[in-house]
Number of protein chains: 2
Amino acid sequence: MRNAEFNRESVLRAAMTAFTNKGFSKTSMQDLTKATGLHPGSIYCAFNNKKGLLMAAIEQYQQDKSDKFKQFFTTQDSPLTNLEHYLDYIVNECASCDPTRACLASKSLSELGEHDADVLAVINAHFACWQHNIETVIADAKQANEITSTDTNEQLAQYLIMGIFGLRTFAYTQPQVEKLQPLAKRLLKGLQQ
Amino acid sequence: MRNAEFNRESVLRAAMTAFTNKGFSKTSMQDLTKATGLHPGSIYCAFNNKKGLLMAAIEQYQQDKSDKFKQFFTTQDSPLTNLEHYLDYIVNECASCDPTRACLASKSLSELGEHDADVLAVINAHFACWQHNIETVIADAKQANEITSTDTNEQLAQYLIMGIFGLRTFAYTQPQVEKLQPLAKRLLKGLQQ
DNA sequence: GTTGTTTTTGAATGTTCATTCAAAAATGGT
DNA sequence: ACCATTTTTGAATGAACATTCAAAAACAAC
């Protein structure tokens, strides 16, 4: 017996960054060995192949994003206030020049989702987790009478997810905070109808 | 002197489909020669290289989409009715299994936009054209008192574009019409606030 | 019909890439 | 301390790829 030397999480976060930067195809194994500090053989031993590393990275991404999400919604403020702060955070993320501002899941979905069922499954799991987290927040907001819509939590959560998808794509072409902010505000208002 | 034998538009539409299917990186020159019917040398003679063919294809895409758009808004119905029909069309497109349901511009943006200024310029031109077309429609709708918002046409157009971006991405993961339809309706309602 | 120019053809080129593998090193169990 | 097992190492492999190029064919102009 012998345990792997490397730290799995930090390797996966390095891979996450690399994949988010260049996309799956354009990220070479050489890029990945450089980013993770692992030699090719180690990567293949631990993750099977390049695709396996991507899938593991997306799973880590899900975990990290879910943790971050919950940070925003375990405060003493009201659900809707938290949601505003969450959207502010996303707007600033979109407007930043940090290469990690892109969503690894959306990017991988666009690149591979239609042609690779394995990757699609991991991505769908991520979005299902996200949707579930949002549904919980919406339920809380309804209970607090901050949302009075008669639509299901599922529908409202999907609307918000759609909006954030759109915000992210929009920001690729026009990343100015002063343009993104009003879009986010209008999105939030849409929850109330 | 000698004129090229091939029909430029149909070659570009074939390339469009190929690129939309697999993305830029995964579409090989072999794929492209098969799809277009041109030999490698001819492609390089006419478009410089693979990237040149992509850019020309995106320009053709802009033309085709703009034409299609205008079809929807040269009717005897009111602007807002036309807009509804337009969104219905997009919803059905998103829900279909046609590989061309993806947007070549968004897909290329996600894959190359951050790393290639040439491609980004062509994509930005496409979206600017689209935004301009939508602004015109919104101006018409305001004039017909179908939209009373005090926001600028630009802001409202950007909101709609963001929404359609989001709808498209959302449809990758949940392509059922019955889920997309309500999202589109809510999007339209958002124009009125 | 001849000439000059351009396109077409498709095999050849050289690079880049994901993956493999066998040897070496490291570790946990006893 | 020793064995069994696993990981690490990094050069080697073979396939896939974008691009080039020189010869051939097609055309327009006259």
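The figures here come from the full heavy-atom set of this structure, side chains too, leaving out hydrogens, waters and symmetry mates. Throughout, protein chains are lettered first and strands after them, A, B, ... in sequence-line order, and every chain is numbered starting at 1.
A distance-only check finds no donor-acceptor pair linking the side chain of Asn133(A) to the backbone of Trp130(A) [under 3.5 Å]. Panel note: side chain Ser108(A), backbone Ala105(A); no donor-acceptor pair is recorded below 3.5 Å.
Taking 4.0 Å as the cut-off between side-chain N and carboxylate O, Glu114(A) and Arg101(B) count as a salt-bridged pair.
Between Asn153(A) and the choices Lys142(A), Glu135(A), Gln158(A), the side-chain hydrogen bond (donor to acceptor under 3.5 Å, both in side chains) rule is met once, by Lys142(A).
Atom CG of Asn7(A) is separated from atom P of dT8(D) by 12 Å (rounded to the nearest Å).
Contacts of residues 38-53 of chain A with DNA chain D (heavy atom under 4.0 Å): His39(A), Pro40(A), Gly41(A), Ser42(A), Cys45(A). A heavy atom closer than 4.0 Å to some atom of DNA chain D occurs in no member of residues 11-36 of chain A.
Under a cutoff of 6.0 Å and an axis angle of 45°, Lys50(B) and Phe24(B) form a cation-pi pair.
Contact check for Ile138(A) versus Tyr159(A): no side-chain heavy atoms found under the 4.5 Å cut-off.
Side-chain contact of Gln192(A) with Ser149(A): a donor-acceptor pair under 3.5 Å is absent, judged by distance alone.
Atom NZ of Lys189(B) is surrounded by 12 or fewer heavy atoms from other residues, nucleotides or ligands within 6.0 Å.
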